[in-house]
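Report on the structure given below.
Only heavy atoms go into these numbers, but all of them, side chains included; no hydrogens, no water, no symmetry mates. Each chain gets a letter, A, B and so on, in the order its sequence line appears, and its residues count up from 1. Note that the structure is predicted; figures quoted are calculated from it, not measured.
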Number of protein chains: 2
Amino acid sequence: MCELCDYNLMLEEAGLAPNDNRLRILEVIGANAYPLTAAEIFAVIDRTKPVNRVTVYRILDSLVQRRIVEKISGSSRAAHYGLAPNDNHLPHPHFHCTSCGLVDCLAPETLSVDQDRLMKTFAGEIERVDVRIEGTCRNCLKLKNRT
Amino acid sequence: MCELCDYNLMLEEAGLAPNDNRLRILEVIGANAYPLTAAEIFAVIDRTKPVNRVTVYRILDSLVQRRIVEKISGSSRAAHYGLAPNDNHLPHPHFHCTSCGLVDCLAPETLSVDQDRLMKTFAGEIERVDVRIEGTCRNCLKLKNRT
DNA sequence: GCCGTTATGCAATAAAGTTGCATTCGGGAA
DNA sequence: TTCCCGAATGCAACTTTATTGCATAACGGC
Ligand SMILES: [Mn+2]
Ligand SMILES: [Mn+2]
Ligand SMILES: [Zn+2]
Ligand SMILES: [Zn+2]
């Protein structure tokens with residue numbers, strides 16, 4: 001997803017030097033069809049060029065802070081990371097499989113949320129409205145029925 | 001919230017013996033205005049009558065499995081637990097403060113989600129559709145502006 | 001090349017939850 | 001009542017995921 005994003009530019013606009021590790025992490029996240037855990041991202045980039053896992057955590061944190069990357073937490077212990085919504089990449093709900101832990105991206109138009117009332121009445125500052133679908137994925141359903 | 005719920009009955013219907021620990025945990029969860037962490041629940045019930053924290057985790061797990069209690073996970077490491085939707089207790093979105101970690105319940109009518117398209121097209125089994133609002137709570141806003 | 005800033009590495013530590021196994025409890029059968 | 005069995009609890013060790021402190025290395029302007 002998001003082949004249109006210019007990671008170099010995104011980093012510079014956010015005030016982060018577009019160095020090797022940051023670019024590689026962004027590329028891994030952007031190239032994947034669904035959000036990955038820090039451990040998965042680490043595994044991928046460590047294979048091509050060794051890096052410390054703490055570095056991965058730190059880079060992910062800074063990318064999340066700057067809203068380049070979105071941190072998606074669910075019932076599985078580990079957070080997942082995907083590209084944050086931007087001009088080429090609309091906000092969209094995520095599906096969490098309670099059986100295998102898979103986290104997947106759904107098309108932005110699958111679900112519409114009417115936020116008007118919330119925006120008018122809420123007594124704090126709203127940064128994101130996330131929709132999380134929980135259930136059993138296609139694959140796990142198949143496996144279950146095969147018993 | 002949910003003073004109407006008969007915890008005894010709910011447990012029995014779910015096939016769980018309504019023993020002391022389970023009832024006390026349910027009462028703490030049900031009496032609180034917002035979802036609590038396992039550690040917070042443990043602290044409360046341990047004060048009146050000592051109990052092992054593992055017991056609390058195990059009871060919470062079984063209550064979540066049986067959909068008596070809802071597990072709400074956010075960006076803070078610890079999960080929060082609230083009463084699950086039932087006849088006296090409509091599904092509703094939760095607000096997560098990124099600044100102080102507070103998790104709060106919003107009124108069910110604050111947000112409406114149109115799930116039709118999702119239900120028709122999704123190739124798995126959907127168990128829950130959760131809406132999560134992230135931002136800065138009233139309190140934290142005040143503190144910030146006071147600098 | 002020098003130097004301050006930023007990035008990375010490494011080891012220790014922390015937080016939250018889980019597991020294995022031993023012990024105790026509680027309720028029905030004898 | 002006593003015996004017994006399954007369910008519930010306790011306790012210690014462990015796992016997973018993430019964070020912190022401090023030392024070293026790389027980078028970039030001068
Ligand atoms: Mn996504
Ligand atoms: Mn709630
Ligand atoms: Zn699955
Ligand atoms: Zn707050």
Pairwise ring pair (Phe, Tyr, Trp, His ring centres under 6.0 Å) hits with a residue in residues 40-74 of chain A, at least two apart = none
Which residues, if any, of residues 12-25 of chain A bring a heavy atom under 4.0 Å of DNA chain C?
-> A:Asn19, A:Asn21, A:Arg22
Which residues share a side-chain contact (heavy atoms from CB on, under 4.5 Å) with A:Ser76, sequence neighbours left out | A:His80
When you list every nucleotide of DNA chain C with an atom under 4.0 Å from a heavy atom of chain A, which one comes first 5' to 3', and which comes last?
-> C:dA7 to C:dG17
Segment of DNA chain D, first to last nucleotide, that comes within the 4.0 Å heavy-atom reach of chain A = D:dT16 to D:dG21
For B:Pro35 and B:Ile72 the tightest heavy-atom approach is CG-CD1, 3.6 Å
Contacts satisfying ring pair (Phe, Tyr, Trp, His ring centres under 6.0 Å) that involve residues 109-128 of chain B (not counting sequence neighbours) are A:Phe95-B:Phe122
Which parts of residues 38-47 of chain A get close to DNA chain C, meaning a heavy atom less than 4.0 angstrom away?
-> none
side-chain contact (heavy atoms from CB on, under 4.5 Å) with B:Asp61: which residues, sequence neighbours excluded?
-> none
Five pairs at each end of the helix from C:dG1-D:dC30 to C:dA30-D:dT1: take the axis at both ends and give me the angle between them to 10°.
-> 20°
In chain order, what residues pass the side-chain contact (heavy atoms from CB on, under 4.5 Å) check against A:Glu13, with sequence neighbours excluded?
-> A:Leu9
Go through the structure and list residues passing ring-ring contact (aromatic ring centres under 6.0 Å, His included) with B:Tyr81, not counting sequence neighbours.
-> none
Selection: residues 54-72 of chain B, any non-hydrogen atom under 4.0 Å of DNA chain C = B:Val54, B:Tyr57, B:Arg58, B:Asp61
